[in-house]
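Everything below concerns the one structure shown next.
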Number of protein chains: 2
Amino acid sequence: MAQNDTVDRILDAAEELFAERGFAETSLRMITSKAGVNLAAVNYHFGSKNALIHAVFARFLTPYSQTLESAFDELEANCKGRPPCLHTTLWALTESAIRMPHRNERGISIFMRLLGLAYTQSQGHLRKFLEEEYSEPFGRFMRLLKEATPQLSAVDRYWRIQFMLGATAFTMSSSDALRDILQNKLGVDTRVQEIASRLVPFLAAGMQAEDPLLVSSPA
Amino acid sequence: MAQNDTVDRILDAAEELFAERGFAETSLRMITSKAGVNLAAVNYHFGSKNALIHAVFARFLTPYSQTLESAFDELEANCKGRPPCLHTTLWALTESAIRMPHRNERGISIFMRLLGLAYTQSQGHLRKFLEEEYSEPFGRFMRLLKEATPQLSAVDRYWRIQFMLGATAFTMSSSDALRDILQNKLGVDTRVQEIASRLVPFLAAGMQAEDPLLVSSPA
DNA sequence: ATACGTTTGAAACATACGTTTGACCCAGAA
DNA sequence: TTCTGGGTCAAACGTATGTTTCAAACGTAT
């Protein structure tokens, strides 16, 4: 009975601690003491700290990528023939994230924050792991984006996608703190879903901005 | 003679290593061996690793904030009475960053990456240090943004500013890696200045997007 | 009940970290 | 010259890390 329980308790604790402190700043002893399990359990069940990090990502990324595939299928089915527009493509991403079953209320915040950390913290092994495991839904999303913005050059599109990823990962990764600040400053209460519905128009407008006038260097 | 040299060599090495590896992942031994100085020199000249991090930021952030103040002064002088528009306000930021004297070609990248890390990596002492030292130019920038987007509600503006910060911090914090990827994929070489000139229109378009239609929660 | 593979537990492992120490060097003042 | 004080150096400090060990406890099938 308890064998599976130990694994899940470790994953829960690790997920939460990684999300609030980062990977290098979170020790196995913090994780195991928060989880209430023995220190050696991590290396017994997962093999190493890096493998634990991979397991934490796999636990929420695998169901998410499946949800995403379905959403993309539905999207393409609805727009028979013609490529789906930018708005709907972006909505498919955020809706899939929101619709996913989460363990608790903070689940969606943790989910976003971990994704942001994966990009930000320069963990070579993580990037490699994610590329190997989840290249397909990522590539499909990129293809949809390309079809939804045919007016952009490849270089323009590349950078604007990075800008979108940044705005999303950053905002969502600190959505808890940002919501609290807004609550204190303006007395406004905000739901994650509402943040998403503000973010999508911002991103879509940015993606479809007029071509930038590239300034020449002053020398 | 060599005493000042040691301080600068430490700052140079620390700046570079912090930028490419982050703060927690960079040890004092890496820094001192790269700088060619003794390990104890860091604690002798700076007092602690955290104080070294502050010194690294102060060395480029203090001249930058001064350049920024001048740019804002000039901006408001040019638009006598009327508030400066969004584009010019954003450009003042990026131009100040580019125009600053940098030690070498990679200086601007390092500058950007460090700024991104400051936002991303949850270093409590760093955030506190930056807030205490550089709150004035930041507040002034916020005031300019407010005047440049009078059509936005306070809540809308709040979230869109977060989106802008996210896109900027995220992109700049990994600008080196993103440039390398683009180099490999499309064979295109990119300058930091070019990234900025692509980013500004994206941000301005996002800020000025149509009011979002807030979707009602499905329950 | 006994035997066996799996899981836990406390302790130790080797290594790396930030920081401190005290001897040493060497310029300039007495 | 001697003294002084800022700067450097190798070495060690104490602590924390990821990982390993091995005996004890557990669960299950015989």
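A note on names: the letters A, B, ... follow the listed sequences, proteins ahead of strands, and every chain is numbered from 1.
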Report task. For the side chain of Ser48(A), starting at C-beta, report the closest nucleotide among dG6(D), dG9(C), dT19(D). Result -> dT19(D)
Requested in this report: Calculate the interatomic distance between Phe23(B) atom CZ and dC17(C) atom P; express it in whole Å.
Outcome: 17 Å
Report summary line: Sorted by chain and number, sequence neighbours left out, salt bridge (charged side-chain N to carboxylate O under 4.0 Å, His left out) with Arg157(B) holds for none
Report summary line: Quick note, His45(A) side chain, CB onward, closest among dT7(C), dT17(D), dT8(D) is dT7(C)
Query raised in the report: Between atom CD in Glu25(A) and atom C1' in dC17(C), what is the gap in whole Å?
Result: 14 Å
Report task. May I have all residue pairs that pass salt bridge (Lys or Arg N to Asp or Glu O under 4.0 Å) and include part of residues 54-76 of chain A, sequence neighbours excluded? Result -> Asp12(A)-Arg59(A), Glu15(A)-Arg59(A), Glu69(A)-Arg140(A), Asp73(A)-Arg140(A), Glu76(A)-Arg140(A)
Requested in this report: Taking only the side-chain nitrogens and oxygens of Thr6(B), find out if one of them lies under 4.0 Å from OP1 or OP2 of dT8(D).
Outcome: yes
**Report entry** Nearest-Å distance for atom pair CG/C1', residues Asn43(A) and dG18(D)
**Finding:** 7 Å
Query raised in the report: Once you round it to whole Å, what is the distance between P of dG7(D) and CZ of Phe46(B)?
Result: 12 Å
**Report entry** Results of side chain to side chain contact (heavy atoms under 4.5 Å, CB included) for Glu147(A) - residues two or more places apart only
**Finding:** Pro83(A), Leu144(A)
**Report entry** side chain to side chain contact (heavy atoms under 4.5 Å, CB included) involving Ala35(A) - partner list, sequence neighbours excluded
**Finding:** Arg9(A), Ala13(A), Val37(A)
Report task. Would you mind reporting whether Thr32(B) and Val42(B) have side-chain heavy atoms less than 4.5 Å apart? Result -> yes
Requested in this report: Identify, with sequence neighbours excluded, every residue that meets side-chain hydrogen bond (donor to acceptor under 3.5 Å, both in side chains) alongside Thr62(A).
Outcome: Tyr134(A)
**Report entry** Pair Phe170(B) and Phe170(A), ring centroids less than 6.0 Å apart
**Finding:** no
Report task. Go through the steps to decide whether Met112(A) and Thr171(A) satisfy the test side chain to side chain contact (heavy atoms under 4.5 Å, CB included), and finish with yes or no. Result -> CA-CA 9 Å; Met112(A) 290 298 179; Thr171(A) 305; over 6 Å; no
Query raised in the report: Dot-bracket for DNA chain D: what is it, with Watson-Crick or G-U pairs under 3.5 Å, [ ] where a pair crosses earlier ones, and | for a pair to another strand?
Result: ||||||||||||||||||||||||||||||
Query raised in the report: Does any residue of residues 49-61 of chain A have a heavy atom under 4.0 Å from DNA chain C, and if so, which ones, in number order?
Result: none
Query raised in the report: Which residues satisfy the salt bridge (charged side-chain N to carboxylate O under 4.0 Å, His left out) test with Lys34(B), sequence neighbours excluded?
Result: Glu16(B)
Query - Residues touching DNA chain D, which here means a heavy atom under 4.0 Å, drawn from residues 31-39 of chain A - result: Leu39(A)
Requested in this report: Taking only the side-chain heavy atoms of Arg29(A) (C-beta and beyond), determine which of dT17(D), dG6(D), dT19(C) contains the nearest atom.
Outcome: dT17(D)
Report task. Using the side chain to side chain donor-acceptor pair (under 3.5 Å) rule, collect all pairs that involve residues 47-58 of chain A, keeping only residues at least two apart or in two chains. Result -> Asn50(A)-His125(A), His54(A)-His125(A)
Query raised in the report: Atom NE2 of His125(B) and atom P of dG18(C): how far apart are they, to the nearest Å?
Result: 12 Å
Query raised in the report: Using a cut-off of 4.0 Å on non-hydrogen atoms, how would the nucleic acid contact of Ala41(A) be classed: base, sugar-phosphate, or nothing?
Result: nothing
Query raised in the report: Roughly, in whole Å, what's the span from CE in Met30(A) to C1' in dG18(D)?
Result: 13 Å
Query raised in the report: OP1 or OP2 of dC17(C) less than 4.0 angstrom from a side-chain nitrogen or oxygen of Ser27(B), does that happen here?
Result: yes
Report task. Apply side chain to side chain contact (heavy atoms under 4.5 Å, CB included) to Leu115(B) and list each qualifying residue two or more places apart in sequence or on a separate chain. Result -> Phe60(B), Leu61(B), Phe111(B)
Report summary line: Closest of dG7(D), dT20(D), dG18(D) to the Tyr44(B) side chain is dG7(D)
Requested in this report: For Leu93(B), check side chain to side chain contact (heavy atoms under 4.5 Å, CB included) against everything at least two apart and list the hits.
Outcome: Tyr64(B), Leu68(B), Phe141(B)
Report task. Would you mind reading off the distance between Ile10(B) atom CD1 and dG7(D) atom C1', rounded to a whole angstrom? Result -> 11 Å
Query raised in the report: What is the distance from CG of Leu17(A) to P of dG18(D), rounded to the nearest Å?
Result: 12 Å
